[in-house]
Enquirer: 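First the structure, then my questions, so here it is.
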Amino acid sequence: NSDVSLPQWISITDKCIEQGLIRKSPIIVTYYAQPLEQFIMKDTDVEFGILVDYDGEMGKDFRKFGGFEAVTKIHVGKYSDAVKSHISMLQWINQNGYQLAGPISEEFIVSPVDIDNENEHITKIIMPVKKA
């Protein structure tokens, strides 16, 4: 995906530093697209975020994240192989009486910012669900 890039990650981290916010997570990318679309389309609607301590008003730069039931999976290795994890999760959801209940997010626990060796990258895939 053309929007998921290192400069975007650095920009959101810099914004947290500028605003004096305490980070509580690595970068989280949320895809506002159909499942698997980020792997097959050049452009999709994405949102970059970081969990922070914040007690102010929600708005343009702040919104709540979490508090929902989800199927999660830890993917270790190349991001290009994460599509296999996405597919297996979607199969599990369909086979166990659930359906997607929101956009899919990925938390980049160990990312290209942390380690160059892509075989050591760790991505947590988060799929919000509800009973079908």
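Positions are given from 1, in the same order as the sequence printed here. Quick caveat: nothing in here was measured; it's all calculated off a predicted structure.
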Enquirer: Could you tell me whether the side chain of Ser25 and the main chain of Leu51 form a donor-acceptor pair under 3.5 Å?
Expert: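 A pair under 3.5 Å: yes.
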Enquirer: Side-chain contact test, heavy atoms from C-beta onward, threshold under 4.5 Å: evaluate it for Gln99 versus Lys130 and give yes or no.
Expert: yes
Enquirer: Classify the side-chain pair Ser88/Lys73 by whether it contains a donor and acceptor separated by less than 3.5 Å.
Expert: yes
Enquirer: Nearest 0.5 angstrom please: Asp81 CG to His121 NE2, how far?
Expert: 12.5 Å
Enquirer: Shortest non-hydrogen contact from Ser85 to His75?
Expert: OG-ND1, 3.1 Å
Enquirer: Do you know the tightest heavy-atom contact between Ile27 and Val29?
Expert: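 Closest pair (atom of Ile27, atom of Val29, distance): CG2-CG2, 3.9 Å.
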Enquirer: Considering non-hydrogen atoms only, spot the tightest contact between Phe62 and Glu57 and give its length.
Expert: CB-O, 4.1 Å
Enquirer: Quick one: which residue pairs count as a salt bridge (charged side-chain N to carboxylate O under 4.0 Å, His left out) with a foot in residues 10-30, not counting sequence neighbours?
Expert: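 Output for this query lists Lys15-Asp61, Lys24-Asp53.
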Enquirer: Quick check on the hydrophobic clustering: are Ile28 and Val76 connected, directly or via other members, by side-chain heavy-atom contacts under 4.5 Å?
Expert: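 Cluster IDs for Ile28 and Val76 differ.
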Enquirer: Will you find, in the side chains of Glu106 and Tyr79, an N or O donor that is under 3.5 Å from an N or O acceptor?
Expert: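 Yes, Tyr79 and Glu106 have a side-chain donor paired with an acceptor closer than 3.5 Å.
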Enquirer: For the pair His86 and Phe39, name the ring-plane relationship: parallel under 30°, tilted 30 to 60°, perpendicular over 60°.
Expert: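 Plane angle over 60°, so perpendicular.
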Enquirer: Show the nearest heavy-atom pair for residues Pro26 and Glu107, with the distance to one decimal.
Expert: CD-OE2, 3.1 Å
Enquirer: Would a hydrophobic clustering, with Ile, Leu, Val, Met, Phe, Trp and Tyr connected at side-chain separations under 4.5 Å, put Ile74 with Phe108?
Expert: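 No, because Ile74 and Phe108 fall into different hydrophobic clusters, even though each may have its own neighbours under 4.5 Å.
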Enquirer: Between atom OG1 of Thr44 and atom CG of Leu36, what is the distance when rounded to the nearest 0.5 Å?
Expert: 11.5 Å
Enquirer: Kindly indicate whether the side chain of Thr72, heavy atoms from C-beta on, has any atom under 4.5 Å from the side chain of Met127.
Expert: no
Enquirer: Flag yes if Phe65 and Ile125 sit in one hydrophobic cluster, no otherwise; membership is Ile, Leu, Val, Met, Phe, Trp, Tyr, and two members link when side-chain heavy atoms are under 4.5 Å apart.
Expert: no
Enquirer: What is the distance from atom CD of Gln34 to atom CD1 of Ile40, rounded to the nearest 0.5 Å?
Expert: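 Going from CD on Gln34 over to CD1 on Ile40, the span is 9.5 Å.
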Enquirer: Does Ile50 share a hydrophobic cluster with Val46, counting links as ILVMFWY side-chain heavy atoms below 4.5 Å and allowing steps through other members?
Expert: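 Looking at the clustering, Val46 is in the same group as Ile50.
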Enquirer: Looking only at heavy atoms, what is the nearest atom pair of Pro35 and Leu100, with distance?
Expert: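 So the two residues come closest at CG-CD1, 3.3 Å.
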Enquirer: Do the numbers put Lys131 on top of the ring of Tyr98, so that NZ or CZ is under 6.0 Å from the six-membered ring centre and no more than 45° off the axis?
Expert: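 Judged by the rule, Lys131 and Tyr98 form a cation-pi pair.
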Enquirer: Can you tell me how far apart CD (Gln38) and CG (Asp45) are? Round to the nearest 0.5 Å.
Expert: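 Reported value, rounded in 0.5 Å steps: 12.0 Å.
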Enquirer: Looking at Ile93, is its backbone amide N or carbonyl O close enough to the side chain of Asn96 to form a donor-acceptor pair, meaning the two atoms are under 3.5 Å apart?
Expert: no
Enquirer: Quick one: does Met58's side chain get under 4.5 Å of Lys64's, heavy atoms only?
Expert: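 Heavy-atom side-chain distance check passes, below 4.5 Å.
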Enquirer: Is there a path of hydrophobic side-chain contacts, each under 4.5 Å between heavy atoms of I/L/V/M/F/W/Y residues, joining Val71 to Ile122?
Expert: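 Different clusters.
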Enquirer: How far apart are the C-alpha atoms of Glu120 and Lys78, what are their side-chain angles, what is the distance that settles it, and do they pass the salt bridge (charged side-chain N to carboxylate O under 4.0 Å, His left out) test?
Expert: CA-CA 8 Å; Glu120 296 178 13; Lys78 297 178 183 179; over 6 Å; no
Enquirer: Which value, rounded to the nearest 0.5 Å, describes the distance between Glu118 atom CD and Ser80 atom OG?
Expert: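 These two atoms lie 6.0 Å from each other.
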Enquirer: A quick test of your reading: do over 12 heavy atoms of other residues, nucleotides or ligands sit less than 6.0 Å from CD of Gln19?
Expert: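 Atom CD in Gln19 is packed in, count exceeds 12.
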Enquirer: For Tyr32 versus Pro103, what's the shortest heavy-atom pair and its separation?
Expert: CE2-CG, 3.5 Å
